[in-house]
Amino acid sequence: MLKLFNTLTRRKEKFVPIEPGKVRMYVCGMTVYDLCHLGHARVLVVFDVIVRHLRALGYEVTYVRNITDIDDKIILRARKNGETIESLTERYIAAMHEDADALGVLRPDFEPRATESMDDILKMIGELLDKGYAYQGENGDIYYSVSRFEHYGQLSGKKLEDLRAGARVDVDEDKRDSLDFVLWKAAKPGEPAWPSPWGEGRPGWHIECSAMSTECLGAHFDIHGGGMDLQFPHHENEIAQSEAATGEHFVNYWIHNGFVQVDKEKMSKSLGNFFTVREVLARYQPEEVRYFILASHYRSPLNYSDDNLDKARGALQRLYTALRGSSPDAGAGPVAEYVERFDAAMNDDFNTPEALAVLFDLARAINRARDAGDPQLDALVATLRQLGGRLGLLQSDPDVYLRGETSDGDDSDDAIIDDLVAQRQAARERRDWAEADRIRDLLAGQGIELEDTAEGTRWRRI
RNA sequence: GGCUGAGUGGCAGAGUGGUUAUGCAGCGGCCUGCAAAGCCGUGGACCUCGGUUCGACUCCGGGCUCAGCCUCCA
């Protein structure tokens with residue numbers, strides 16, 4: 001029985017899908033005006049693992065992750081670069097897909113874009129106007145009237161009065177209430193615009209997600225996710241828009257992941273303390289980044305540091321070392337005891353650190369079985385691979401992983417290493433320990449560690 | 001100021017009303033030409049003050065500290 005923490009109720013709840021056996025899930029994706037940073041990577045990986053787990057439980061999942069490809073920052077950036085909005089967004093969409101693929105993130109079933117969803121957006125704004133939840137200001141913008149929506153604040157636990165009291169928003173004369181937000185922005189000269197019954201313009205940020213999710217998944221669906229920072233106002237506004245427009249309950253379970261931090265501070269564009277996925281992948285293997293993300297619970301803060309990435313590397317080396325030397329498809333079935341523990345961890349609000357602990361217990365059991373010549377070895381190895389796969393980990397060939405280089409790794413060439421290892425082996429055979437140790441130290445200086453085993457000498461990059 | 005969430009051993013990071021998380025690092029041993037990897041063993045923790053309880057790191061209340069949201073943000 002899967003339990004998950006629902007932001008709406010701030011409690012862990014049993015997951016019951018609207019339609020038995022099926023899950024409809026929407027996650028807020030990226031605004032494509034720059035490269036993905038580690039914060040984006042966390043959203044991608046966390047919800048990827050959630051989808052994988054739901055599928056492993058047998059649910060037929062429809063996973064939608066949108067792309068925001070029109071907004072103020074995109075317009076500004078394109079203008080600054082002297083390029084069209086389309087060329088800018090296409091480039092960063094491609095970059096995002098590369099990053100996501102590298103991290104082993106499965107593609108969503110649908111990836112709608114705001115600019116391709118104008119009909120749905122206009123339709124929903126029209127409904128909100130018809131029902132009196134929206135109004136047009138003097139400047140032509142259409143606003144959502146927050147005070148008309150009875151449950152405003154339910155997701156973020158805020159009251160309208162508190163929000164007004166603490167408001168840091170500039171007072172906009174055009175709005176009836178400072179908390180009202182834009183549904184449709186009237187175009188100013190030179191701005192990209194789409195035709196609408198209320199004049200040329202572009203959608204506000206919040207309406208696109210309401211429109212796209214409703215279009216792809218219906219007015220009422222199971223799970224809506226995104227980063228913590230979207231809880232307010234973005235998701236609050238989505239609820240207000242969707243429920244007002246459709247008259248139906250919008251989403252049953254809201255899932256929000258915690259932030260990536262640097263020096264105990266949120267990693268963000270505005271603070272400038274971010275690391276792009278590419279920067280990190282230049283120094284660490286993609287799987288190490290993925291492990292780093294999953295080593296913390298998805299709702300906890302995740303502190304970025306080289307030390308923590310190094311620990312992820314060390315941890316994966318241990319797991320892959322356990323897998324080494326065993327045939328990948330030995331045909332042995334998984335060992336129920338471990339699968340059950342893994343499932344229990346994942347069913348408890350996607351507790352990936354606990355699930356990883358099961359993997360390490362499995363690694364120890366494998367090493368032990370190997371030493372003892374236990375016939376259960378193949379089954380244990382198969383189990384570790386299978387459970388690792390449930391997290392999108394441990395699917396590489398162990399030797400390839402252990403010898404793996406990062407994209408700006410050292411220049412040492414595998415053939416040269418193999419040659420030195422052979423020379424050292426020859427020295428060892430003539431019991432020339434001094435020469436053998438000299439070669440070993442030489443390689444160690446390049447980050448190559450040797451292991452002498454009964455089957456010969458193995459090497460890996462550390 | 002309002003509203004959230006968090007404070008665990010050297011580090012990272014789970015969890016639990018009374019019993020080993022896990023990984024890295026440390027220490028002792030086995031193995032090894034020596035190492036490495038692996039195995040066996042081992043030390044070390046629950047911010048603070050009250051309360052509830054036979055018993056709390058775990059529940060409740062106060063305090064302190066940190067982070068986040070209230071403005072674009074994953």
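Below, chain A is the first sequence line, B the second, and so on; all start at residue 1.
- We find that CZ of A:F360 is positioned 11 Å from P of B:U22, with the value rounded to whole Å.
- Taking the ring axis of A:F292 as reference, the NZ or CZ atom of A:K311 does not stay both within 45° of it and closer than 6.0 Å to the ring centre.
- Within residues 68-79 of chain A, the residues approaching RNA chain B are A:K73, by heavy-atom distance under 4.0 Å.
- Under 3.5 Å, the side chain of A:R42 and the base of B:A74 form no donor-acceptor pair of N or O atoms.
- Spacing of P atoms, B:G62 relative to B:U42, comes out at 42 Å, to the nearest Å.
- Protein atom CD1 of A:I255 is 21 Å distant from nucleotide atom P of B:U4, rounded to whole Å.
- A:D452 has no carboxylate O lying under 4.0 Å from a charged side-chain N of A:R458, or vice versa, which leaves the two without a salt bridge.
- In this structure, A:K3 forms no cation-pi arrangement with A:F15, as its terminal cationic atom is not both closer than 6.0 Å to the ring centre and no more than 45° off the ring axis.
- For B:C11, the base has a donor-acceptor partner in the side chain of A:K311 [N/O atoms by modelled type, under 3.5 angstrom].
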Problem - Sugar-phosphate or base contact per nucleotide [nucleotides 37-46 of chain B; S, B, -; heavy atom under 4.0 Å] - result: SSSS------
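- In this structure, A:K12 fails the cation-pi test against A:F5, since its NZ or CZ atom is not both closer than 6.0 Å to the six-membered ring centre and inside 45 degrees of the ring normal.
- Distance check on atom C1': B:U58 versus B:C47 gives 15 Å, rounded to whole Å.
- Contact check, A:S296 against B:G13: a side-chain N or O comes under 4.0 Å of OP1 or OP2.
- For B:C69, the base has a donor-acceptor partner in the side chain of A:K158 [N/O atoms by modelled type, under 3.5 angstrom].
- Between A:T453 and the phosphate of B:U32, there is no side-chain N or O to OP1/OP2 separation shorter than 4.0 Å.
- A donor-acceptor contact under 3.5 angstrom links the side-chain atoms of A:D437 to the base of B:G33.
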